[in-house]
Amino acid sequence: MNDDADLELARVVGRALQQLPLRHAPPTLAPRVLQALARRAALPWWHHGFPRWPQGARACFVLLCVLLNALALVGCARLVADLESTPALRRAWALMSAWSEVVISFMRTIPPLWLYEGLAVAAALYAMLFALGAAAYRTLYR
Amino acid sequence: MRAYQDMVFTTAARLVGHDAQAEDIAQEVFVRAYEHFDELRSSASSGGWLKTVTTNLALNHLRRYRARWRSFSEDDGTPYDPPSPDNLLAECSTEEHRALIERALRSLPADQRSALVLYHFEDLSYQEISARLGASLAKIKTDIRRARLALLPVLQSSGITSGALRD
């Protein structure tokens, strides 16, 4: 089929399809929609999305989040203060600091080239894992 | 809802090619429309909104179940056997011809049907269809051409093809 015939085919098919009238929706559609809406309306408010919660519940939730954040901040501040005042915690903190210094000094002894090679190997392994996953998906699910 | 239910159902049915699934999609569209009722009630473009949501949900549905049908990105090379017009009566009414075209459309492979419907009913370009279906431009063009060729015998039987296509 040449280009002219292709264009003619597109025109004819397009015109025939455009002339098709709408199909009638099945009579069961409207009752099904109403049932689905009734089912949704019967759900408790916390099963709906946040924007559909009652205003009071939304305000309480936001307040609770703010309180929890404030508590977390105060807790962190207290922890830092306790670290300095409690001997056991101070020793634990010192131990962690010493350990992190050991790790950092160890990392500094590693030649940068090794680090780059390690990163390259990790990236290659990740890419291989991704490719294996994609191949498995195409094989098993298509 | 009554004003738009035929349009929503038809859009979904032509894309997914399955009436029961189209009804499920139409139901979901109207449930979503209810959630946006205040915006849609005062909007002049509520029909467009409904059509867009229907198209999106139907395409999502096709994508989700692509494993059951042919995938959009692969062509297994199986030749498609278009519906034969041999058994059509010459004196079929226009209504019957339209029903035959609908049936032929429904019997197309999912990837060909969805591309054809998006092109001819939704007025999307090849590039837009390619982006929406996540398939290459070449595949979309091939699918649409194959779909048209598959519909050709039915159109010829209806006597609505031009002389250039009769040979």
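Residue numbers start from 1 in every chain, and the chains themselves are labelled A, B, ... in the order their sequence lines are given, proteins ahead of strands.
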Worksheet item: Should B:L137 and B:I129 be regarded as members of a common hydrophobic cluster, given that ILVMFWY residues are connected when their side-chain heavy atoms come within less than 4.5 Å of each other, either directly or indirectly?
Response: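 Hydrophobic grouping puts B:L137 with B:I129.
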Discussion item. I'd like to know if B:Y34 and A:L34 are part of one continuous hydrophobic network [Ile/Leu/Val/Met/Phe/Trp/Tyr, side-chain heavy atoms within less than 4.5 Å].
Written reply: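 No.
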Discussion item. With a 4.0 Å cut-off on N to O distance, would you call B:R145 and A:D6 a salt bridge?
Written reply: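 Yes, B:R145 and A:D6 are salt-bridged.
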Discussion item. Just verifying a value: how many Å separate B:E35 CD and A:H48 NE2, rounded to the nearest 0.5 Å?
Written reply: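 The CD atom of B:E35 sits 9.0 Å away from the NE2 atom of A:H48.
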Practice prompt. First locate atom OG1 of B:T11, then atom CZ of A:R23, and finally report the distance between them rounded to the nearest 0.5 Å.
Written response: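 Answer for the OG1-CZ pair, B:T11 versus A:R23, is 11.0 Å.
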Worksheet item: Who are the salt bridge (charged side-chain N to carboxylate O under 4.0 Å, His left out) partners of A:R58, not counting sequence neighbours?
Response: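 A:R58: no salt bridge (charged side-chain N to carboxylate O under 4.0 Å, His left out) contacts found.
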Worksheet item: Do B:F30 and A:L29 have side chains that get closer than 4.5 Å, going by heavy atoms?
Response: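 Heavy-atom side-chain distance check passes, below 4.5 Å.
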Worksheet item: Do B:R14 and A:L17 have side chains that get closer than 4.5 Å, going by heavy atoms?
Response: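 No - every pair of side-chain heavy atoms lies 4.5 Å or more apart.
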Worksheet entry | Donor-acceptor contact present, side-chain B:Q27 to main-chain A:A36, <3.5 Å |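 The answer is no, because no donor-acceptor pair under 3.5 Å joins these two groups.
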Item to complete: Determine yes or no for a side-chain-to-main-chain donor-acceptor pair under 3.5 angstrom, with B:D6 supplying the side chain and A:H24 the backbone.
Response: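 Checking the backbone N and O of A:H24 against the side chain of B:D6, no donor-acceptor pair under 3.5 Å is found.
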Worksheet item: Would you find more than 12 non-hydrogen atoms of other residues, nucleotides or ligands less than 6.0 Å from A:W99 atom CH2?
Response: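 It does not: A:W99 CH2 has 12 such atoms or fewer within range.
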Fill in: B:D24, part contacting chain A, at a heavy-atom distance under 4.5 Å
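For B:D24, the contact with chain A is made by backbone and side chain together.
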